[in-house]
Novice: 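Quick one: the structure is below, questions incoming.
In listed order, ligands and their atoms are each counted from 1. Everything numeric here is computed off the predicted structure, so don't read it as measured data.
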Amino acid sequence: MSKQNQILVTRSSMPTFEEYCEEIRDLWDTHFLTNMGAKHKQLEKDLLNYLKTSNITLFTNGHLALECIIAVFDFPKGGEVITTPFTFASTTHAIVRNDLKPVFCDINSEDFTIDASKIESLITEKTCAIVPVHVYGNLCNVEEVEKIAKKYNLKVIYDAAHTFGVEKNGIGVSNFGDASMFSFHATKVFNTIEGGAVTYNDSTLKKKLNDLKNFGITGPESVEYVGGNAKMNEFQAAMGICNLRHVDEEILKRKAVVERYRERLENIEGIKLSIIQEGVKSNYAYFPAVFDNYKYMRDEIFEKLGAANIVARKYFYPLINDFECYRDKYSSNQTPVAKYIADRVLCLPLYADLELEVVDRICDIILK
Ligand SMILES: *Cc1c(COP(=O)(O)O)cnc(C)c1O
């Protein structure tokens with residue numbers, strides 16, 4: 001089979017060519033291509049509204065957004081940050097690149113987010129923050145995390161890269177904790193090609209975040225911080241403005257795909273699906289299946305699908321505490337539940353335009 005017939009784990013959402021061209025037309029009038037121009041301002045406004053939040057700052061990608069929101073709090077060098085290893089490399093790297101020390105907490109096997117009952121025993125006098133991850137679009141136990149953070153006076157910064165548009169009882173996910181990072185990478189539910197944002201409660205952070213993403217330049221003749229360059233450009237923002245118009249429709253199409261997967265794979269012995277969280281409006285970002293004592297091992301299913309030109313992903317495997325760059329200091333044995341899941345989980349193809357016939361074909365291969 002040719003590459004064209006390959007079913008990948010995801011496929012980027014795009015507006016029509018005409019819609020995008022129309023959106024970028026003004027840029028040829030103004031020649032204003034970056035540095036927080038009109039498209040950037042418009043997208044910030046649109047997203048504040050969509051995410052039901054009060055403060056947002058855009059970035060050129062989610063990773064630098066996370067680095068900057070951690071930096072803005074000015075934690076003492078060497079401070080400890082409680083996080084999980086069951087996530088994308090970015091979460092831990094952002095902590096380490098801020099000269100902070102990740103402390104890995106285990107996850108729970110129901111929704112794959114941080115096991116809040118294990119956080120307190122990891123807190124020391126050096127702990128300054130908790131950076132939990134809303135994995136696959138599932139919300140962390142935000143109430144419990146909040147309680148612990150209050151008790152020990154810790155900041156909470158959520159990696160919300162997977163939870164664009166997710167709400168709990170009508171409250172936008174960006175309202176939990178002190179801040180949240182969203183990724184608008186091409187592979188995410190909502191994309192700006194590459195891009196990201198942080199949302200936060202304290203509106204006084206806005207100025208410093210804007211300065212940090214622009215070399216720490218604070219005025220025409222002053223540079224107060226050692227900042228980097230993490231600005232979203234106008235073409236990215238224009239893509240976001242277009243994609244945001246269609247995101248609800250895209251999420252509905254994803255929902256249909258997820259429902260078909262559930263119909264076919266639910267109640268099969270040895271296949272465990274993620275729980276459906278009560279009161280949570282999902283964005284259907286990922287479809288993980290855990291093969292636990294199933295007739296085939298996870299890696300066998302991965303191979304079988306691959307042979308049929310269907311690319312699933314071992315997401316998240318390996319665990320971050322087993323990465324070459326971290327394994328001399330950490331081990332996945334310290335997070336046994338995360339290790340168990342990482343060895344058995346497979347994310348199946350999921351995107352808005354995935355045909356239900358293809359979903360059936362994937363399920364047939366798994367069940368055969
Ligand atoms: C995608 C992702 C990121 C990084 O976002 P980028 O926009 O790709 O830089 C961080 N954390 C998680 C969990 C992600 O999935």
Side-chain angles (χ1 to χ4, degrees), residues 8-13 43 47 51 56-71 81-98 102 104-105 107 111-114 129-140 156-166 173-174 176-177 179-199 212-213 228-233 235-237 239-240 243 254 274 282-288 313-321 323 326 338 341-342 345 347 350-351:
L8 297 177
V9 71
T10 186
R11 187 165 182 264
S12 300
S13 297
L43 183 61
L47 285 172
L51 295 173
I56 192 166
T57 299
L58 303 181
F59 288 85
T60 195
N61 59 55
H63 177 76
L64 289 173
L66 188 56
E67 279 199 16
C68 284
I69 190 68
I70 294 173
V81 177
I82 296 172
T83 185
T84 58
F86 193 72
T87 177
F88 186 55
S90 171
T91 320
T92 303
H93 287 353
I95 295 166
V96 174
R97 289 166 62 89
N98 269 293
F104 291 112
C105 183
I107 61 169
D111 60 26
F112 319 112
T113 64
I114 194 164
I130 310 174
V131 177
V133 185
H134 298 307
V135 183
Y136 303 137
N138 290 334
L139 286 201
C140 297
V156 179
I157 302 165
Y158 283 104
D159 180 331
H162 292 185
T163 38
F164 185 82
V166 172
V173 61
S174 51
F176 300 115
S180 299
M181 176 278 286
F182 294 88
S183 164
F184 308 148
H185 184 260
T187 55
K188 303 286 166 41
V189 168
F190 165 75
N191 85 76
T192 60
I193 310 171
E194 292 257 10
V198 292
T199 58
L212 282 176
K213 74 177 181 187
N229 180 3
K231 301 183 297 290
M232 178 182 280
N233 70 50
F235 288 81
Q236 290 171 287
M239 187 62 124
N243 276 335
R254 285 173 168 273
S274 173
S282 176
N283 64 358
Y284 306 95
Y286 297 87
F287 193 80
R313 268 194 71 185
K314 298 177 195 177
Y315 200 49
F316 297 103
Y317 174 88
L319 287 180
I320 293 187
N321 38 17
F323 282 6
Y326 294 123
I341 300 295
V345 72
C347 279
L350 170 55
Y351 46 88

Novice: Do ligand 1 and G62 have nitrogen or oxygen atoms that lie under 3.5 Å from each other?
Specialist: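 Between G62 and ligand 1, an N or O pair is found under 3.5 Å apart.
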Novice: Tell me the protein heavy atom at minimum distance from atom 15 (O) of ligand 1, and give that distance in Å.
Specialist: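 Scanning the protein heavy atoms, the shortest distance from atom 15 (O) of ligand 1 goes to H162 NE2, 2.8 Å.
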Novice: Does M181 have a heavy atom less than 4.0 Å from any atom of ligand 1?
Specialist: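 Distance cut 4.0 Å: M181 passes for ligand 1.
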Novice: Report yes if the side chains of I70 and I95 come closer than 4.5 Å at any heavy-atom pair, otherwise no.
Specialist: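 Side chain of I70 against side chain of I95, heavy atoms only: contact under 4.5 Å found.
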Novice: Could you verify whether a donor N or O on one side chain and an acceptor N or O on the other, from K231 and N229, lie under 3.5 Å apart?
Specialist: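 Short answer, yes.
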Novice: Please indicate whether any nitrogen or oxygen in T87 is less than 3.5 Å from any nitrogen or oxygen in ligand 1.
Specialist: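 Not met; the criterion fails.
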Novice: Can you confirm, on distance only, whether ligand 1 has an N/O atom lying under 3.5 Å from any N/O atom belonging to S90?
Specialist: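 Among all N and O atoms of S90, none is under 3.5 Å from an N or O of ligand 1.
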Novice: Take every heavy atom of G195, measure it against each atom of ligand 1, and state whether any distance is under 4.0 Å.
Specialist: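 So G195 counts as touching ligand 1.
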Novice: Determine whether a donor-acceptor pair (N or O, by modelled atom type, separation under 3.5 Å) exists between the side chain of Q236 and the backbone of E194.
Specialist: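 Side chain of Q236 to backbone of E194, a donor-acceptor pair under 3.5 Å: yes, one is there.
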Novice: Are the aromatic ring centres of H93 and Y326 under 6.0 angstrom apart?
Specialist: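 Between H93 and Y326, the centre distance is under 6.0 Å.
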Novice: Could you tell me whether some N/O pair between K188 and ligand 1 is separated by less than 3.5 angstrom?
Specialist: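 Between K188 and ligand 1, an N or O pair is found under 3.5 Å apart.
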Novice: Provide, to 0.1 Å, the distance between atom 9 (O) of ligand 1 and the closest protein heavy atom, together with that atom's residue and name.
Specialist: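 Looking only at protein heavy atoms, the one closest to atom 9 (O) of ligand 1 is H63 N, 2.8 Å.
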Novice: Is there a donor-acceptor contact under 3.5 Å from the side chain of H134 to the main chain of L139?
Specialist: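 No; zero donor-acceptor contacts below 3.5 Å.
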Novice: Atom 3 (C) of ligand 1: which protein heavy atom is closest, and how many Å away?
Specialist: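 The answer is F88 CD2, 3.7 Å.
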Novice: Does OH in Y317 sit with more than 12 non-hydrogen atoms of other residues, nucleotides or ligands closer than 6.0 Å?
Specialist: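 It does not: Y317 OH has 12 such atoms or fewer within range.
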Novice: For ligand 1, is there an N or O atom under 3.5 Å from any N or O atom of Y286?
Specialist: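 It does not: no N or O of Y286 is found under 3.5 Å from an N or O of ligand 1.
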Novice: Applying a strict 4.0 Å limit to heavy atoms, is Y315 in contact with ligand 1?
Specialist: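 Right, Y315 reaches ligand 1.
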Novice: Taking the ring of Y286 and the ring of Y315, is the distance between their centroids below 6.0 Å?
Specialist: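 Ring-ring flag for Y315/Y286: true, centres closer than 6.0 Å.
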Novice: Show, in sequence, the C-alpha distance, side-chain angles and deciding distance for N191 and S12, and conclude whether the side-chain hydrogen bond (donor to acceptor under 3.5 Å, both in side chains) test is met.
Specialist: CA-CA 8 Å; N191 85 76; S12 300; 5.0 Å; no
